[in-house]
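The basis for the numbers below is simple: all heavy atoms, side chains too, and nothing from hydrogens, waters or symmetry mates. For clarity, every value in this text was computed on a predicted model and none was experimentally measured. Throughout, residue positions are numbered sequentially from 1 according to the sequence presented. When a ligand or atom number is given, it counts from 1 through the structure's own listing order.
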Amino acid sequence: MAEKNIFEKIIDRELPADIVFENERILAIQDIAPKAPVHLLIMPKKVIHDIQSISEEDLPLIGECVIVAQKLAEQFNVQGGYRLLTNCGPSAGQSVFHLHFHLLGGRPLGMMG
Ligand code: 5GP
């Protein structure tokens, strides 16, 4: 079996994390190196490497990630303005190859570079 990456270890409770949401399918944690006052990571527990790897059967899971993001945005009081993004592949800045969505907010985020 392939070596687990950091997020798989966090999902399996082999590494600690500051968990802000969890159900049977999804985990959301605080980013360890926040780029904004609010920086959360929302991820399906299912092993999916990146957004390019999802299939049609994963669509409900991706939709649920968005609903979780909405609820967390309200909980962290950034519902009026936040960025929800996923990096796909090393050239886009992906460093952990387990699909996750960054939820960033709490300061003006500017235009995408
Ligand atoms: P990516 O670069 O793959 O889009 O995003 C990975 C994110 O995971 C980065 O923002 C990074 O700060 C965060 N990260 C890396 N290692 C850990 C960790 O061990 N714990 C937590 N909570 N976040 C991590």
Side-chain angles (χ1 to χ4, degrees):
M1 205 163 71
E3 170 83 9
K4 289 181 189 176
N5 63 47
I6 291 167
F7 291 169
E8 289 169 46
K9 289 180 181 172
I10 288 173
I11 290 165
D12 292 343
R13 298 295 201 279
E14 293 168 13
L15 284 176
D18 191 347
I19 294 171
V20 294
F21 174 87
E22 181 170 29
N23 68 15
E24 308 87 72
R25 297 167 296 282
I26 292 171
L27 185 75
I29 60 175
Q30 297 271 8
D31 195 291
I32 204 169
K35 310 287 188 302
V38 176
H39 189 173
L40 309 176
L41 302 170
I42 301 153
M43 63 192 77
K45 292 183 175 177
K46 180 179 176 183
V47 175
I48 303 172
H49 295 301
D50 55 33
I51 198 79
Q52 191 65 19
S53 308
I54 68 162
S55 58
E56 281 197 28
E57 70 176 25
D58 298 320
L59 291 180
L61 194 53
I62 303 307
E64 192 177 1
C65 285
V66 175
I67 295 296
V68 169
Q70 285 181 346
K71 290 181 177 156
L72 287 170
E74 287 192 2
Q75 192 179 318
F76 284 80
N77 204 27
V78 295
Q79 69 274 18
Y82 62 92
R83 185 167 287 153
L84 186 66
L85 67 86
T86 185
N87 296 318
C88 183
S91 66
Q94 186 176 8
S95 60
V96 181
F97 294 88
H98 180 102
L99 177 63
H100 54 281
F101 296 92
H102 297 255
L103 192 167
L104 295 145
R107 66 165 169 80
L109 294 168
M111 299 295 284
M112 293 288 287

For Ala33, atoms of ligand 1 separated by under 4.0 Å from a heavy atom: 12 (O)

Could you tell me whether the side chain of Arg83 and the main chain of Gly110 form a donor-acceptor pair under 3.5 Å? yes

Measure from the side-chain N and O atoms of Arg107 to the backbone N and O of Lys35, and report whether any donor-acceptor pair falls under 3.5 Å. yes

Atoms in ligand 1 flagged as close to His102, the criterion being non-hydrogen separation under 4.0 Å: 1 (P), 4 (O), 5 (O), 7 (C), 10 (O)

With atom 15 (C) of ligand 1 as the reference point, say which of Ile32, Asp31, Leu85 has the nearest heavy atom. Ile32

Using the rule that two of Ile, Leu, Val, Met, Phe, Trp, Tyr join whenever any of their side-chain heavy atoms come within less than 4.5 Å, decide whether Ile32 and Leu15 are in one cluster. no

At less than 4.0 angstrom from any non-hydrogen atom of Ile29, what atoms of ligand 1 do you find? 22 (N)

The test is ring-ring contact (aromatic ring centres under 6.0 Å, His included); show your working for His100 and His102 and say whether it passes. CA-CA 7 Å; His100 54 281; His102 297 255; 5.1 Å; yes

Gln94 side-chain N/O to His49 backbone N/O, donor-acceptor pair under 3.5 Å: yes

Sidechain N-carboxylate O distance under 4.0 Å for Arg13, Glu22: yes

From the options Leu15, Ile6, Leu40, Leu41, select the one whose nearest heavy atom is closest to atom 16 (N) of ligand 1. Ile6

Heavy-atom contact check, 4.0 Å cutoff: does Phe97 meet ligand 1? no

Please work out whether any backbone atom (N, CA, C, O) or any side-chain heavy atom from C-beta onward of Phe7 is under 4.0 Å from ligand 1, and answer side chain, backbone, both or neither. side chain

Out of Gln94, Gln30, His98, Lys35, who is nearest to atom 22 (N) of ligand 1 when you count heavy atoms only? Gln30

Among protein heavy atoms, which lies nearest atom 5 (O) of ligand 1, and at what distance? His100 NE2, 2.9 Å

For the backbone of Phe7 and the side chain of Asn5, can you confirm whether one donor and one acceptor N or O come within less than 3.5 Å of each other? yes

Give the numbers and elements of all ligand 1 atoms closer than 4.0 Å to a heavy atom of Gly93. 1 (P), 2 (O), 4 (O)

Is there at least one pair of N or O atoms, one from Ser95 and one from ligand 1, spaced under 3.5 Å apart? yes

Are Leu40 and Ile10 linked, directly or through intermediate hydrophobic residues, by side-chain heavy-atom contacts shorter than 4.5 Å (ILVMFWY only)? no

